[in-house]
Structure formats: C-alpha cells, structure tokens
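In what follows, a single structure is set out as structure tokens and then discussed.
Letters go in sequence order (proteins before strands), and every chain restarts at 1. Heavy atoms only: backbone and side chains are in, while hydrogens, waters and symmetry mates are out. A quick note: this is a predicted structure, and the numbers were derived from the prediction, not measured.
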Amino acid sequence: MEIITKSKARRNRHNIKKEQDTLSHPLQFYKIPPSDTISLQKFEEYAIERLKVLKAVENAGVKFIKGTQNYKDHLEKEIRKTHFKGILRVPFIEVLDLVRSRKVYLVDGYAFVPRDDMISILLTHYRAHLSHSLAITCRALPHLEEDDRLLPMLCGLSKRYIGEDYGNKKSTVGEITADMIDMLSKQSFPLCMQQLHQSLRQNHHLRHGGRQQYGLFLKGIGLSLEEALKFWKNEFTKAIDGDKFDKQYSYNIRHNYGKEGKRADYTPYSCVKIIMSNPPGPGDFHGCPFKHTDPDLLAQKLRSMSLSKDAVDSVVNYAKEGHYQVACQHYFAVTHSNFEDDININHPNGYFEESRRFLNPDKGNMNKSQLGTPRTNRNPVKMEGTPISQLASQTQPSQDSTVGDFDDMGDNDLMDIAMETDAESDKKSS
Amino acid sequence: MSETYDPSSLPDLLPIYYKKLFPYGPYYRWLNYGGVPKTYFNHREFSFTLKDDVYIRYQSFSDQQELEKEIQRRCPYKIDIGAVFSHRPKDHKTVKAAAFHAQEKELVFDIDMTDYDDVRNCCSGADICSKCWPLMKIAIQIIDRALREDFGFQHLLWVYSGRRGIHCWVCDDIARKLSQNGRSAIAEYLSVVKGGEHQTRKVTLDDIIHPSIRKSLDIVEKAFKDYAVDKQDFLGNEERQTKLSEDFKSGSNSKVWWAIIQKREKDIREKKKYKDCQNVTREIMLQYCYPRLDVNVSTGVNHLLKSPFCVHPKTGRICVPIDPEKVDEFDPEDVPLISQLIEELNKTDSTDDTSKRGKDYKRTSLSSCVQVFENFLKKLENSWKGKLQEQSDLKMEF
C-alpha cells in the first residue's frame, strides 16, 4: 500500500488527476472487510493514512469544483457497463438527490432519469451500503469497550486530523461573561456570528436556526450556562416578558448545555455544517455570510466595516466563486492586520481562537486557561511509538461527544440517534 | 349559537369533548392501518401536553379502549402524534437506548402563516385574516397536486392546525416507510422560496422551468392578482416597493406598479436582452405566494405533530380535516369552536336521547368535519383491503 505523505497530500490539491490511481487504494474501501489478524500499530497506521486521504479529498473539495474530467470518464465507463441507454424510469426513491435538486421529471412516483444523471442511482446504492455498514459498526462498538486499547484510540482519531469539535472545552468555561460579548464580537467573531449578534441586538429575537448556531458557538467560546441564560434573557426580554422567555426559550438553552432531554452535550456547528445544512429561510439570520448573502449586500457590508476596496473585492470574489471558507480566511487576514500565516478556517470557534491568539499572543502561550485555548489537539501527533496509554489520556471518550460526531455525518441510520433530541428541542421551541 | 370562546373555560369543556365528541372510532381505524402489521398501533408514540405546559412523551396504547380511557383521564390540552417505534414507547426505558428507535411515520408537512410575515401586510405572527388566508389555499393546492401527480401519493390528510396554519399527513405505505433522507429530498423538491434575511431575491428559476414548478405557477398565476394586488396591495407604499427591489423608489399603487413590471419584462424578453431577467414576474409571484414549508418538521421520522381533532387551547377551534378539493369553501372562521359544539350538544341532549354514545358528534357541526375524515379513511381502507386480499390469495395457493 502506498502511504501518502503530507507533502504529497498538499500536491494533491493541485493535481488531482495524477493522484487518482494511488488514492483508490489507500482509501481501503471494501464490501467485505478483510478478517485477518492485524497488529494494533499497523491498524493505527492504516487508520491515520485513511484519514489523511479523506482530509486531502476534503481540502481538494474546498479548493476545486468536484469532478475533474478523469473522474467523470471513469464513472461514465462504469455506467456504460450497466447497459442503460437514453432515459430510465425508476421509482423516485432510487434517485433522491436528483429529486432534491429537482433535476428529474417526476410522474406518479416515477423519476425519468437522463443518462448523464444515472450516477445518482449508483450513488444511492453506494450510500445505502455505506450507511448500513456504519450502522453495523456503530452497533459493534459496545463490544469493543472491553478492549480499552482500541476504543480510546478510535474516538481520538477523528479529532486528531479532522480538527477539534470544540465541544468539551472545559478549560475555558467561565472565562467569558455575558457583558464581554459585545466587545468580543467586534474583535474576534467570524462574520457569521457578528451578523447573528447584530440581528439579536436589533430585533431582540432570533429564530430557532439562529439561536442554535449562535448559542452553541457562545458555549464553545466558554460562556457558561448561567451566563448564557443571562445573555439571552437580557436581550429577549426587551421584547417579551421574562415569564414567556422562561417558558419558551430557556429549555432550549439548557438543552444545548446537556441539562435537558437526553442530556447530550451538543457541539458547536462547524463551517461545513453551517454551509451545507439547514439553509436560512425568510426571517432567518443564520448561515454562512459568504454563501447566504447576496454579493452586493456582502460588498456593501464589508465596505461599511471600512475594509479597503481591494480587500472587499477579493473577499467577495472568493464568495462568488463558491469558496466560502477561503473568503472567510481572507476576511480574517484583512481584519487582523494582514495576518500572514496560512490558516485554515473550518470552524467558527477556530476562527475565534485564532483571533484571540493573534490579539493576545502572550496570554495564549503562557497560560492555558486564558482566552486563547490550549492547542493540544492541533499539534501534529507523533505517529510512531506513541504509547496507547498516552493517546487514551488525551481524549476522553464520552457518549455525549459520540452523539455530536454522528450528528455531523449527514444522512444515514445513525442520524436517528441524534434526531430524537433534536425533535424534542424543536418541539419545545415552537 | 355563540361565537365566543373563553380560554379559561377549557378545563370544563375538555372532559365533555373527550367523553362525547372526539371521534375515537375513525381515529383508531386510521392509526391502526388495518392492523398491518399488528404492532403498528401499539408501537405508536403519543404525547400529551397537559394544563400549565406539562409535557409527557412516549405514551402508547394497546387498543382503542385504552386510548379512550387515557385521553379521558388526562384531558390533554394538546395531543401530538409521533412515530411508530421498534418497541412500545411506554416501555422505552426498559429497552436499551440504541435499540429503541423510530421506524415509520407518515410524511408530514407543516405550513405556518408566521413564515409569510415578510409578504403579508394585514397581520403578523399568530394572527390570520381573510386577506392572508388565500396563502394557505394556494399552499394546499400546490402541495396536494405535487404529492399526488409527481410522487404518486394518494392518501393525503389535510388538517387545520386550529390557529394559523395547516398540516398534511401523507399516509401511503411508501411515505410512512421513507428514510430521513427521502423525507428531506421531497421537502426540498417542494421548496422554492429560499434564502435568509441577507438575500433579497429568494426565488431563482432556471431558464427551463421544471414542469412541477410550471404547474405550481399555473395555480399561483390564477390567485396572484386577487391576493397580492387587490388584497395585500403588495406595492402600495415605498417600503413595500423597496422590499421588492431597490429599483423602485417612488410610485402610486400596486396596480400601476404591477403593470409596469409586467411590461418591462415583456420589453426585455422581446429585445432578448438580460437573460437573467426573463422570469422576473414569475419569480416575484412565487416569492410572494409559493408555500413555505417547515422542512425540519418533515425531515425527522420522529418529529411530533399535533393530532387532528385536537382543540387549540388559545382559539378553542378544533383541528379539523380539510377537503383539498373544496379548499375554496374552507374558512377558518367557520371551524367549530369547542364551546359552540358543547352548546349544540346541550341543546339536543334533552330532546333526543336515543343516539348511541360515541356518535354524539353527529348532532353537532363537527359531523361534517368527521365526514371529510371518513372519506379519506374509506379510500385508505380500500387500499389495505386490496392488500389483505392479495396476501390471503397468496396463502391459498400454497
């Protein structure tokens, strides 16, 4: 198996074609998994390699539009093998993603699928297979608990390369109080959160999507439950009375902090989640400003923050081309005295921490419990010979964080686990 | 007949309503789905909201009798229907959390007038009136057509939510078995108005308009002038004009403006300029009138939704089924109030004592509402009768 080094993965962003042949192997996709004995160390190596590849694919997706020619050719060849020609009539359930985007003609429950879109049928089957396998894996996990070497490692893996989930940041809880938020929002909040903050201050209200996105972010920067209740109540009670607030909204806030319902400790939303799911509708202020704002309005907004014309143009251009996170990184750079390090913004809380670190460089290095949070999880993990015990202590697996992770996985059987509490919270808020 | 309702009288009225009027029979026949499979009804979650917002989830009942008994004992202010679970919901604490999961539920849609606040000028929030109710009619027509013609669903139960919105329960076998992904795909297929407060243009049509949207447009076009121009005067002042577009800075009334926009579009189309603008009037019409679904409600298999025949505690109106074919005749102002029904009952009680218990609603204005429900139920029952027949035929062959 070819191991893809970091430099290669980086090159990969710029040259997908060349890497394709090598990528198909290390991804280790199989319908029937190998059942041979494997050493723990080997297993870990493979797992890390796979994560690197997935990360590289993810990065490539950020920088490029999906589907290079090579990629398409290969798929087309595969589809040809299935002898389909022209237009195919299938039950709509087989091509849900085409239905979702209204790319098929539907009559009486049947979709008429043009040849170019037949990949969708394959995709559905692949997704169903993957989902099924994940469900089986999930059910198998409890059996692994007996092996205290494997499980902590598995739980820690995702965090080490994909990034933190900003869920269990106990070290900063209590550092931030409600009265600091105005100041912090101007200094260090990403644009999405500034926007929510302003709307909240203006309207003394946010709809459910906004409360979730903003509330969990605030939790992630270290606002305690008590302070969060104080913060929201202060603002909402400018428009409604305190009694109504306690009845309608405080449940949801406590729920987000794991104090109600099934007591899951919810993690703040990542950029991917904000960009990909639950787009804002009329009356909503949540979402990603680089995706969910008209370019003209975005430009106007940025100009009003007295950014230079060049800066505004380049941020808006990135946004227009669909590179929302790059636009955000650029926005970070121009609002932080042309910050030069190459940073990757993939989480609003990551943005916040980078900003705090930039503004208070001493605090961050000297004292872990200051605003700049420790970056233990971000340090490149030394692969060879890291004792398992050490890995275990780095990452405390808990059921709560598992729920959060599954929540981000998109559509599959596992979603049911997370949905129960979501549904409950929806009900309470309506 | 009194047309008033006092919310504080609800605790006195509910016991009578649940004892004499709630149509348990048809209600059970619906949710039992012909007993296929046998556990369908008793694995179904109900949740009750009691007085003072006390909320109890995971109720379940083995049969109609138990359901009746519990509803009459608790007199819930609100009943929600949830999913059919892998185990009896009332036993959920005795099974492992991972094993207890929602398996099936009707595909549901929730359309709420509050989501139209940016395009109605008569009311806002929970209020509705005859000037904005046409939005709900348009919504029923569009969604009902698409679900039947595009997706092939047949068993749609439309219900008035008692105050400001409507619900739709799609009860076909395929719909009940849909995955979360399937539900959200359908909800998104049916969603056209998109974009938050930072996007002014909320509808963008492709050059070639999807046939389903075209059919929706037919419905909207018929209703638009009456609703937006006459009832809402949607371009009646500067604020409304700027909301539609920054281009309009001054003007007189909606009629003039609407004519200007239509003419401008025609000009543009004839000159074959501005490809981007060719659907501008269509987009405006959709932005103002196209149904706005709460996608989250539709997506979750175990999302709870208020049950038909509940009483809305604030308005006192019964959540009655709506016949989609007679949507023009439906007026929320005419929906029976619980106080009114009980008065009607009292009037006939002394004179006619022969009617059977449980059929008391026939003596009130709830009767025609239950009839709408019965009509829906009859078709549904025919569908599983066919299926039972098939099954027994198969058995005979062996």
Side-chain angles (χ1 to χ4, degrees), chain A residues 91-93 95-111 124 127-128 131 138-139 141-142 195 199 208-210 247 262 278-287 289 292-294 296-298 301 399 410-413 415-417 419-420 422-424 426-428 430, chain B residues 47 53 55 57 80 82-83 96-98 100-102 110 112 114-119 146 148-153 174 178-182 184-189 191-202 206 210-213 246 287 292 294-297 299-304:
Chain A
F92 78 88
I93 246 167
V95 283
L96 287 174
D97 48 325
L98 297 179
V99 170
R100 185 186 300 278
S101 51
R102 240 180 275 121
K103 277 188 182 144
V104 280
Y105 179 44
L106 281 182
V107 178
D108 231 13
Y110 286 91
T124 304
R127 181 173 288 168
S131 165
C138 178
R139 257 164 239 151
L141 273 178
Q195 226 164 243
S199 312
H208 186 248
K247 254 188 186 166
K262 85 186 309 179
N278 191 26
D284 283 331
F285 292 90
H286 69 266
H292 299 116
T293 308
D294 290 339
D296 294 347
L297 277 179
L298 180 62
K301 183 167 203 118
Q399 269 194 318
D411 60 295
N412 56 49
D413 297 348
M415 277 299 283
D416 288 345
I417 301 168
M419 274 312 292
E420 185 188 335
D422 281 347
E424 210 171 295
D426 285 342
K427 284 230 66 63
K428 281 288 163 185
S430 63
Chain B
S47 84
D53 289 326
Y55 189 59
R57 275 199 71 172
D80 283 295
K96 270 190 186 165
F100 180 72
H101 60 274
D110 179 11
D112 193 327
T114 43
D115 292 327
Y116 291 85
D117 276 0
D118 60 322
V119 291
R148 287 179 205 273
E149 294 179 12
D150 299 358
F151 291 97
F153 295 131
I174 297 175
L178 277 172
S179 65
Q180 191 161 315
N181 189 31
S184 74
I186 295 174
E188 278 183 42
Y189 175 91
S191 298
V192 171
V193 184
K194 286 174 178 169
E197 288 299 302
H198 299 289
Q199 286 147 294
T200 34
R201 183 176 169 184
K202 294 197 174 62
D206 297 333
H210 190 278
S212 179
I213 307 264
E246 291 291 327
Q287 179 153 339
R292 300 172 173 206
D294 187 339
V295 175
N296 293 322
V297 174
T299 303
V301 178
N302 64 353
H303 203 295
L304 295 147

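At a 4.5 Å heavy-atom cutoff, the contact between B:Glu197 and chain A is made by backbone and side-chain atoms alike. When heavy atoms are compared at a cutoff of 4.5 Å, A:Asp296 does not approach chain B at all. For A:Phe92, the part lying under 4.5 angstrom from a heavy atom of chain B is the side chain only. Heavy atoms closer than 4.5 Å to chain B are found in both the backbone and the side chain of A:Leu96. Proximity to chain A (any heavy atom under 4.5 Å) is restricted, for B:Ser191, to the backbone atoms N, CA, C and O. Looking at A:Pro279, there are no atoms closer than 4.5 Å to chain B (heavy atoms on both sides), in backbone or side chain. Interface residue B:Arg292: only side-chain heavy atoms are found under 4.5 Å from chain A. With a 4.5 Å cut-off on non-hydrogen atoms, B:Phe153 touches chain A through its side chain but not through its backbone. Proximity to chain A (any heavy atom under 4.5 Å) is shown, for B:Asp117, by neither the backbone nor the side chain.
Looking at every heavy atom in both residues, B:Thr299 comes nearest to B:Ser184 through OG1-CB, 3.6 Å. In terms of heavy atoms, B:Ala185 sits closest to A:Val99 at O-CG1, 4.1 Å. Here the closest heavy-atom approach between residue A:Pro280 and residue A:Gly287 is recorded as CD-CA, 4.4 Å.
With 3.5 Å as the limit, one finds a donor-acceptor pair spanning the side chains of B:Asp112 and B:Thr114.
Interface check for chain B: of the options A:Val104, A:Leu298, A:Asp97, the most heavy-atom pairs under 4.5 Å are formed by A:Val104. For the set B:Ile213, B:Leu178, B:Val119, the count of heavy-atom pairs under 4.5 angstrom toward chain A peaks at B:Ile213.
Taking a 6.0 Å sphere around NZ of B:Lys194, one finds it holds more than 12 heavy atoms contributed by other residues, nucleotides or ligands.
Looking at heavy atoms from C-beta onward, A:His292 lies in side-chain contact with B:Gln199 at the 4.5 angstrom threshold.
One N or O on the side chain of B:Gln287 and one on the backbone of B:Lys202 form a donor-acceptor pair closer than 3.5 Å. In this structure, A:His286 contributes its side chain and A:Asn278 its backbone to a donor-acceptor pair below 3.5 Å.
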